[in-house]
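In listed order, ligands and their atoms are each counted from 1. Small disclaimer: the values here were computed from a predicted structure and weren't measured.
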Amino acid sequence: MKKLLLALSMACGTLAASADYALLPEPAVMTETQGEYSLPNKLIVAGKDAKIFARDLKRRGVEASTASKGASVNLAVDASLPAEGYSISVTPAGVSVKASGAAGFYYAAQTLAQMVSQNPGALPAVEISDSPRFGYRGMMIDVVRYFVPFEELKKLVDEAAALKINNVHLHLTDDNGWRLEIKKYPKLTEVGAWRVDRPEMFPARLNARSPEEKATYGGFYTQKQMRELVKYAAERHVNLIPEIELPAHAAAAIASYPELTCPVDSGKFIGVFPGIGGKDANIIMCGGNDKVIEFYNNVFDEVIDIFPSKHIHLGGDEAAKDRWKVCALCQERIKKLGLKDEEELQAWLMNTISDHIMQKGRVPMGWDEATYGKPNKEMVIYGWQGFGQTAVNDARESGRKFIMTPARKFYLIRYQGPQWFEPFTYFGNVTLSDIYNYEPVEADWTPALEEQLMGLQGSLWCEFCGSDEDVEYQLFPRMLAVAERAWAPKGRADLSKFVKSVDRYVPGLEERGMTVAQSMYNIQHKVVSNGDGTLTVELDCERPDVDIRWTTGSDLNASARNLGHNVVIPNLSGTFTITAATFDRHSGKQLGKTLVLPISSNLATGRPVTVRNAMHEPGVLTNGLRGSERFSDFEYVGWNGDNAEMTLDLGEVKPVRRVVVGTVANTDLCAAAPLELVIYGSENGRSYKVMKQLEVDKETIFRGGAVKTDYTAEFPTTDLRYIRVLAVNPGAIPDGYPREGVPGQMYFDELIVE
Ligand code: ACM
Ligand code: ZN
């Protein structure tokens, strides 16, 4: 039937535009019908709250006004539709919109505005029946690590609303700043909103040494501004969830009111952290001091007065307990209340403050560590660690409600594309398709558990953002996938269709001045040793609809076409450079950035390596290709706390005079240089002799920032078939570094043998 319609439409042309909707989020049900509605220059809206509907259309760039006669858009209340749901019917006679309430009409206006922008002359006839899968569709912005200017915050709320995101979670306080005016505690913004301005990347920024060091970076929102934002968001059916962190991630508050921390830290200077805090990283609010409870109750009184949100976020994550373990006040409280341990003390503290919040009719929220010590039954938990399993397990046992924002899937701080092309950030990848392909509900979930899941949230931590553009770049286009996943019915999975909708959506974002990443067009490469002296190169792009062209020459346009989005090139050998990029299948225009892989052959290239205790597969160690400054770029093999052992087989006995071991260190991210390298050689693979022992300059083992180093062992030419490299782990990161005490990691990208 569909084929027949298509054939008909091509024959007579009347239905030619019928497929021309690519809406985001895609409506739950959308049925094309016959004909089209010729759009007037201005849409005339009539019916319930027509003025608001016309205003919302205008805010999305559609000319609209109201009149009682000659309406092109008729609004009607249909109480049978779900909350936030709506229907749109387009016929040659006009547009009819139904919803049960204001949110539904608002979302209908968002959808209709997209329909008009995609079809400015005439709307193809269609029946849309839409409502969200999840009641909670969230976007978190960390306004602490980067102080997002107020006007920019408004723009981001507006963009969230256009995507039918209905909760913007504001991470307002942390170690690195306090961003909300609190009248009762003026020092929170006089002192706590400001930190010393260091040029280094976030994790490398050292603490202020004394109060004399001027704290010049920061800022805060006034209560007046936040009330304005609340109203602005409410008009767009966005709820603002304020998060005030306790008991940890609170160094800015402690810098303002040092008496709130455990007495073990009293008397010493604590400034607002410019980075991760070094020695002071574990500073925390005292769990045994009633002043802390009084402080938070007073702060939340003002927060609740500003934010009408039903939900109020208390933080609760990453609270190290070393201070509490040695604090007399904390230990006294644990004893007096008969608590099991410091986790129960945290739960008691959070529950006590939650009680205060609940007395005011609000519901507390916390990160998933808040479940460790049995929080209030009412607390809503955000599953963030790893894949969010802590929250899922807790919800199964406790019946608590929860929201999924798993770091591995929905943390927008992560790399959104092949890392060689991305600005430096933390951790691994979360690509557009990773988000799109995410399904929170697993096969073993009970219907009750599924019911407890309130929704999904994309969370942007801003440690690596230095401008509004950086924030937008991390949010877009990935928030489009978050919105789609949170709105679309369960089971919908059509990446090809989704990316085409993204294509239709992005120009509007750009016209509104948003910075949008193009990462989805870049190529992820993988070059691995086949073990027989040859290499296999894989070039992949997450866009299913692009062509990859590659060449070992210099002219990409002269190389083969229509290679698809995934290319495998086996049996390569020698020294050569692969140049590749993605291209539009139809126009032939280059889409992504040009990838250049300079592959330099040596005796080890393409040969097999075995490793012990490594975190990654060893095939990249002899691929002739060097890694970048990011050890997470898939070009490195890493070891966590262990010695590294790599054994290479050259295939036959060969004269060898030099072994080069390629590394990267970045102590700010736990990666260090080896303490020592020992190069062994063998003809038979059974008896090895030491060819060279390389002492590493102690001064260079732990260094901030990314440092790539090649360690070279030279020795008299010797006949060898097997080479073994032992790299001795340097041990825990020493005092004075941001990650002190954490086991040292080591990363190797290449073994070069000559
Ligand atoms: C978190 O990422 N610490 C919630
Ligand atoms: Zn204490």
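Checked against a 6.0 Å centroid threshold, the rings of Y382 and H313 count as neighbours. Not less than 6.0 angstrom separates the ring centroid of F421 from the ring centroid of Y415.
Between Y411 and W367, the shortest heavy-atom distance links the atoms OH-CZ3, 4.0 Å.
Rounded to 10°, the angle formed at the Zn ion (ligand 2) by C330 SG and C327 SG is 110°.
Taking a 6.0 Å sphere around NZ of K154, one finds it holds more than 12 heavy atoms contributed by other residues, nucleotides or ligands.
For the side chain to side chain contact (heavy atoms under 4.5 Å, CB included) test, residues two or more places apart in sequence or in another chain that qualify with P25 are K164, E484, W487.
Both tests pass for R485 against the ring of Y436: distance under 6.0 Å to the centre and angle within 45° of the axis.
For a heavy-atom separation below 4.0 Å, the residues in contact with ligand 1 are D317, E318, W367, W384, Y411, W461.
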